[in-house]
Amino acid sequence: MSPHQPTSRPAAGAPGVPWNRQRLRSNNEWLLLELLRTGGGSSRAQLARDTGLSKPTVSAALADLEQAGLVREAGWVSPERGRTAVLYEVDPTAGHVLGVDIGRARLRVAVADLAGTVVARRDVANRGRTADAVADAVVAAAREATAEAGLGAADIVHAVIGTPGVWDEERRGVRYATSLPGWGRPGLFDRIGEGLGTAVTVANDANLAALGEYTLGAGRGSRMFAYLLVGTGLGLGVVKDGELLLGAHGALGEIGLVPLPTLAGGQPGVEGAVGGPGAVGGPGGTTLEQEAAADAVVRAAREFGLEGSGGRQLTAKRVFELARAGDAAALRAVRWEAERLAYAVAVLSAVLDPDLLVLGGGIGGSADLLLEPLEQALGRFSLMRPTLAPSLLGEEAVLLGAVSTALETARPEVFERRTAEL
């Protein structure tokens, strides 16, 4: 389910759900709660009109929700005709969630209330030299953010962790996380879950970024939307009609694993070839991720004659900064990067036929330099050309997608917990 849609619960009378008065009352309360969440504050009379429920039923349900700490009074409304009425709204402090974005360079953590408002966050450099050290750094950052929000571990209903790779439930670990050495070892995420003291869901970072962008950014309204995450790694998230596509084994979008050939007539290190400087063409050669992610940009820039200056280390970010300043070698590296990304876009366009492709991630954030040469290169590779657009969420996409996904689990769970106590 897409985070932008109201969360659903099994209706009374559905298969496997017994029909009884308690369940019916619970369904009415959930219906009102979701209407208030998606539509904002409302009065009893308006809720009765919107749902078709009787005013006494609405009043009783609101009283229960207020007692459970799920809704609260939000002021008064004075209509042109009729009596002044109390407005009700969802109480966002009834529960909190944790979103985590694990990257090779940075760790991002956000604590959000049930309205999705971020109340505390941490953004720190990833200095872990081992997988265990990275896992412990995630826990430490999450604890700091939780404490800053004035909360304890028990107040976090659910956590969603975005990471490179594909989650394997049987192994209790991720596969294909090539940008984080040792990250595929089973048990790491159990270690994080135990440290956080809450239920944890692990999801692919590109998938979460796609959900975040579809819900809050450039992907809104798209029927078939693809998000290409280009940073220290290369990944793809696809959302069709509001639903995230995962594939038979959860690996849909691992486009970075595709071998990258050198096209006939192109030579490594020469514009017009798909393989990058030093690339090995054909099956078994370098992969798209090896030839289109951050390290490849730096490698290409150096082979084109660019070196660090003024004691500054040459990074992909620095290459793009120099390209904006007009440096010839940096501009050549940017064009080469666009060529490699165009091959990736051509492949996914032929398979998925998206109407929109959003460029995101650390390198994707330089869409101002990449989009024009990417369009030009795509014209040479493919007749199928989706609309290309920059991410509106930037490097926040994975984190916001993690928060949105955590809320999908947390909202019904908080409702069940609190109404069960009535």
Dump the intermediate steps for side-chain contact (heavy atoms from CB on, under 4.5 Å) on Leu378 and Arg385, then the final yes or no.
CA-CA 7 Å; Leu378 187 59; Arg385 303 177 199 175; 4.2 Å; yes
Given salt bridge (Lys or Arg N to Asp or Glu O under 4.0 Å), test Glu339 with Arg380 step by step and report yes or no.
CA-CA 10 Å; Glu339 190 100 2; Arg380 296 194 297 272; 2.6 Å; yes
Residue pair Leu314, Val319: steps toward the side-chain contact (heavy atoms from CB on, under 4.5 Å) verdict:
CA-CA 7 Å; Leu314 189 60; Val319 171; 3.9 Å; yes
Would you call Phe320 and Val334 a side-chain contact if the rule is heavy atoms closer than 4.5 Å?
yes
Beyond-backbone contact of Leu70 with Val414, side-chain heavy atoms, under 4.5 angstrom
yes
Holding to salt bridge (Lys or Arg N to Asp or Glu O under 4.0 Å), I want the full list of residues that pass it with Asp168, two or more places apart in sequence or in another chain.
Arg175
On a heavy-atom basis, the closest approach of Leu33 and Val90 is O-CG2, 3.6 Å
Go through Ser26 and Phe415 one step at a time and tell me if the side-chain contact (heavy atoms from CB on, under 4.5 Å) criterion holds.
CA-CA 9 Å; Ser26 177; Phe415 174 81; 3.5 Å; yes
Is it true that Asp295 and Gln290 share a donor-acceptor pair across their side chains at a distance under 3.5 Å?
no
When Leu392, Val398, Leu229, Leu356 are each screened for side-chain contact (heavy atoms from CB on, under 4.5 Å) with Glu213, the one that passes is Leu392
Taking all non-hydrogen atoms of both residues, which atom of Ala120 and which atom of Ala145 are closest, and how far apart?
CB-O, 3.2 Å
Could you check whether any side-chain N or O of Asn126 sits under 3.5 Å from a backbone N or O of Gly103, counting only pairs where one atom can act as donor and the other as acceptor?
yes
In this structure, are over 12 heavy atoms from other groups packed under 6.0 Å from Arg223 atom CZ?
no
Does a side-chain heavy-atom distance below 4.5 Å link Val239 with Ser222?
no
Trp30 and Thr419, any side-chain heavy atoms less than 4.5 Å apart
no
Is a side-chain donor or acceptor of Arg340 paired with a backbone partner of Trp336 at a separation under 3.5 angstrom?
yes
Between Glu194 and Arg191 (salt bridge meaning N to carboxylate O under 4.0 Å), is one present in this structure?
no
Whether the side chain of Glu289 engages the backbone of Leu234 through a donor-acceptor N/O pair (distance < 3.5 Å, no angle test) should be reported.
yes
What is the distance from atom CG of Leu36 to atom CG of Leu65, rounded to the nearest 0.5 Å?
8.0 Å
Electrostatic pair Glu413:Arg417 at N-O distance under 4.0 angstrom
yes
Take atom CZ of Arg185 as the centre, draw a 6.0 Å sphere, and report whether it contains more than 12 heavy atoms from other residues, nucleotides or ligands.
yes
Donor-acceptor contacts under 3.5 Å from residues 148-163 side chains, at least two apart:
residue, atom, partner, partner atom, Å
Glu148, OE1, Arg122, NH1, 2.3
Glu148, OE1, Arg122, NH2, 3.3
Asp155, OD2, Gly152, N, 2.8
His158, NE2, Thr201, OG1, 2.7
Thr163, OG1, Trp183, NE1, 2.7

salt_bridge(Glu29, Arg418) N-O dist < 4.0 Å:
no
Any chance you could measure Leu87, atom CG, to Ser43, atom OG, to the nearest 0.5 Å?
6.5 Å
Working to the nearest 0.5 angstrom, can you tell me the gap between Glu243 CD and Leu211 CG?
9.5 Å
Is it the case that the side chain of Arg49 and the backbone of Arg44 share a donor-acceptor pair, with hydrogens and angles ignored and the cut-off at 3.5 Å?
no
Glu254 CD to Tyr176 OH distance, which is reported to the nearest 0.5 Å
8.0 Å
Is the shortest heavy-atom distance from the side chain of Leu407 to the side chain of Thr405 under 4.5 Å?
no
Quick one: do Arg324 and Glu321 make a salt bridge, cutoff under 4.0 Å?
no
Measure the CG-CG distance between Leu47 and Leu62 for me, rounded to the nearest 0.5 Å.
6.0 Å
Check step by step if side-chain contact (heavy atoms from CB on, under 4.5 Å) holds for Leu352 and Val238.
CA-CA 9 Å; Leu352 297 171; Val238 181; 3.5 Å; yes
Tell me the closest heavy-atom pair linking Val109 and Ala142, and the distance in Å.
CG1-CA, 3.7 Å
Is there side-chain contact between Asp353 and Met224, with heavy atoms separated by less than 4.5 Å?
no
Please report the C-alpha distance between Glu372 and Arg335 in whole Å, then the side-chain angles of each, then the deciding distance to 0.1 Å, and finally whether the salt bridge (Lys or Arg N to Asp or Glu O under 4.0 Å) criterion is met.
CA-CA 9 Å; Glu372 183 176 347; Arg335 288 194 299 271; over 6 Å; no
Closest approach of Leu114 and Ala94, non-hydrogen atoms and distance?
CD1-CB, 3.9 Å
Can you tell me if Asp113 and Thr93 form a side-chain donor-acceptor pair at under 3.5 Å?
no
Can you list the steps and then say if Glu89 with Arg37 is a salt bridge (Lys or Arg N to Asp or Glu O under 4.0 Å)?
CA-CA 7 Å; Glu89 67 178 5; Arg37 181 178 73 82; over 6 Å; no
Heavy atoms of Ala115 and Arg411 approach each other most closely as C-NH2, 4.2 Å
For Pro186, does its backbone N or O pair with a side-chain atom of Arg172 as donor and acceptor, under 3.5 Å?
no
Would one find more than 12 heavy atoms of other residues, nucleotides or ligands at under 6.0 Å from atom CD of Glu66?
yes
To the nearest 0.5 Å, what is the distance between CG on Leu400 and CG on Leu393?
5.5 Å
When you compare the side chain of Asp123 with that of Arg106, does any pair of heavy atoms fall below 4.5 Å?
yes
If you compare all heavy atoms of Gly361 against all heavy atoms of Tyr227, which two are closest, and at what distance to 0.1 Å?
N-OH, 3.5 Å
Check: Leu357 and Val345 side chains under 4.5 Å, non-hydrogen atoms
yes
Short side-chain to backbone donor-acceptor contact, Ser366 and Leu369, under 3.5 Å
no
